[in-house]
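Report on the following structure.
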Amino acid sequence: MAQALLFEIVMKFLAGNTIRFTCRMCALIVVVAAIACAQYFGRNKVQYEHFDFKVMHAGPFAIYYYPEERAAVTDAARMLQRWNRRYSLLFDTSISRNQPVVLYADHADFQQTNVISGLIPQSTGGVTEGLRNRVVIPLTGVYSENDHVLGHELVHVYHYAIMKSLPRGLQSSRNIPLWFIEGMSEYLSIGPSSPLTTMWMRDAIIHNDLPTIRQVSRDQSYFPYRFGHAIWSYIGGTWGDTVVPKLYYATLQSDFYRAVKEVLGIGVDSLSVLWREAIKATMNPDLQGRINPSGYGNPVITGEGGINLSPSVSPDGSY
């Protein structure tokens, strides 16, 4: 793959420390994130199993799988076709035939893939790389999660397909904030409501740290998946889902700030005020009389970076 070219494009697109931050995220849109995280130049990725890949053709998809996962892949093919029907109507376009989708039975198998050259962290739930528009996903054993990730990554397939149809191609991505891309994929694959997004928004209000849209666009410490999902949920709920492709096309052709003014008829700062007011009006009633987490106890683990999901056993097993 021409990784150097893609790296240059995406570095301009993500800017700042986004690559470092994005490496921690699941369902990454760009393969460069994995490359940047790897830091293993000159070493081969360990592949300790041989996968006897077959190809299942389902609608426009060429699904690569191996026999052990055939039953689940058959259902995943139905999910992909259902998502594709929805997105082709929404974006008023179609993806090319034989769209490659590589499915692995579990995450351990997925980490051995050579579709992506970088090492893959456990937090990555799927990848859509831009040069060949290949989707690579591990199945989870949970159908609702499989459906979500397949839907999320297929939005990225449409993102790339539309970019490549324009004169500037992938360079159009420089006009797009990361939350715009990932938030749209979340909004279209899970709808306007998500417990995770609600949790993040509630936490932002509790800590008086609900950002403006400009802040989310510039500062990747505001998780682009969750804040992006919240912003898109407001836009879609206010103006309707038909503005989703309109905003995307307009952003590719100029930039996000001009596109908002052109499509929604208001500036980004006005949109930001309306969105923040809507979030507060939704969340504040549930927060009345509640105590901040710091009021219940002292933090056990502190520090910058990372997400503390569960304890780890010390090497000698004593802690």
Side-chain angles (χ1 to χ4, degrees), residues 1-23 25-38 60-62 84 87-88 90-102 113-118 120 124 126-137 151-186 188-189 217-218 220 224-225 228 232 244-260 262-263:
M1 296 188 296
Q3 292 173 345
L5 173 60
L6 183 59
F7 184 84
E8 179 183 355
I9 293 170
V10 179
M11 281 292 287
K12 293 177 181 177
F13 162 41
L14 295 180
N17 65 351
T18 306
I19 290 291
R20 174 175 57 80
F21 179 82
T22 306
C23 292
M25 303 301 116
C26 63
L28 303 181
I29 183 174
V30 287
V31 63
V32 177
I35 297 170
C37 287
F61 301 101
N84 186 54
Y87 296 157
S88 63
L90 178 67
F91 289 102
D92 193 25
T93 189
S94 59
I95 56 177
S96 61
R97 294 199 61 81
N98 294 321
Q99 163 64 43
V101 178
V102 184
T113 186
N114 59 10
V115 176
I116 301 132
S117 61
I120 301 174
T124 302
V127 175
T128 302
E129 61 88 21
L131 292 181
R132 298 185 183 179
N133 226 12
R134 292 173 294 183
V135 176
V136 192
I137 294 176
H152 179 108
E153 297 302 329
L154 191 56
V155 177
H156 292 329
V157 171
Y158 274 86
H159 286 155
Y160 280 125
I162 293 169
M163 282 183 202
K164 292 177 180 179
S165 70
L166 299 177
R168 290 191 299 162
L170 290 176
Q171 292 187 22
S172 303
S173 65
R174 290 182 296 179
N175 303 332
I176 310 176
L178 185 59
W179 70 261
F180 185 98
I181 289 291
E182 297 299 349
M184 184 195 301
S185 295
E186 285 292 272
L188 294 179
S189 60
S217 300
R218 294 193 303 260
Q220 300 306 322
Y225 288 72
W232 271 113
V244 175
K246 291 178 182 178
L247 263 178
Y248 182 61
Y249 279 102
T251 300
L252 290 176
Q253 292 167 358
S254 56
D255 62 57
F256 167 67
Y257 297 96
R258 294 178 187 173
V260 168
E262 174 187 333
V263 176

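Below, all heavy atoms of this structure are taken into account, side chains as well, without hydrogens, waters or symmetry copies.
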Next on the checklist: Can a donor-acceptor pair be found, under 3.5 Å and without considering hydrogens, that links the side chain of Lys164 to the backbone of Gly130?
Outcome noted: yes

Item to check | Glu153 side, atom CD; His159 side, atom NE2 - distance, nearest 0.5 Å | outcome: 11.0 Å

Next on the checklist: Can you tell me how far apart CE (Met184) and OG1 (Thr251) are? Round to the nearest 0.5 Å.
Outcome noted: 7.5 Å

Checklist entry - What residues, two or more places apart in sequence or in another chain, satisfy side chain to side chain donor-acceptor pair (under 3.5 Å) together with Ser185? => result His156

Next on the checklist: Once ring-ring contact (aromatic ring centres under 6.0 Å, His included) is applied, do any residues pair with Phe256, and if so which ones, sequence neighbours excluded?
Outcome noted: Trp179, Phe180

Checklist outcome for this item: Sorted by chain and residue number, the side chain to side chain donor-acceptor pair (under 3.5 Å) partners of Asn84 (sequence neighbours excluded) come out as Tyr158

Checklist entry - Considering all heavy atoms of both residues, which atom of Thr128 and which atom of Tyr160 are nearest to each other, and what is their separation? => result O-CE1, 3.6 Å

Checklist entry - For Val263 and Tyr248, what are the C-alpha separation, side-chain angles and deciding distance, and is it a side chain to side chain contact (heavy atoms under 4.5 Å, CB included)? => result CA-CA 10 Å; Val263 176; Tyr248 182 61; over 6 Å; no

Checklist entry - Do Thr124 side-chain atoms and Gly126 backbone N/O form a donor-acceptor pair below 3.5 Å? => result no

Next on the checklist: Under the criterion side chain to side chain contact (heavy atoms under 4.5 Å, CB included), I'd like the reasoning laid out for Val135 against Leu154: C-alpha separation, chi angles, the key distance, then a yes or no.
Outcome noted: CA-CA 8 Å; Val135 176; Leu154 191 56; 5.7 Å; no

Checklist entry - Roughly how far, to the nearest 0.5 Å, is the CG atom of Leu188 from the CH2 atom of Trp232? => result 8.0 Å

Checklist entry - Would you call Gln99 and Val157 a side-chain contact if the rule is heavy atoms closer than 4.5 Å? => result yes

Next on the checklist: Tell me every residue that passes side chain to side chain contact (heavy atoms under 4.5 Å, CB included) with Ala161, counting only those two or more places apart in sequence or in another chain.
Outcome noted: Asn133

Checklist entry - Out of curiosity, Glu182 CD to Ile176 CD1, how far, rounded to the nearest 0.5 Å? => result 11.0 Å

Checklist entry - Are Val102 and Ile137 side-chain neighbours, meaning at least one heavy-atom pair lies under 4.5 Å? => result no

Next on the checklist: Which residues pass the side chain to side chain donor-acceptor pair (under 3.5 Å) test with Ser189, not counting sequence neighbours?
Outcome noted: none

Next on the checklist: Would you say CG of Asp92 has more than 12 non-hydrogen atoms from neighbouring residues, nucleotides or ligands within 6.0 angstrom?
Outcome noted: no

Checklist entry - How would you list, by chain and number, every residue that makes a ring-ring contact (aromatic ring centres under 6.0 Å, His included) with Phe61, sequence neighbours excluded? => result none

Next on the checklist: Any non-hydrogen side-chain atom of Tyr225 less than 4.5 Å from a side-chain atom of His152?
Outcome noted: yes

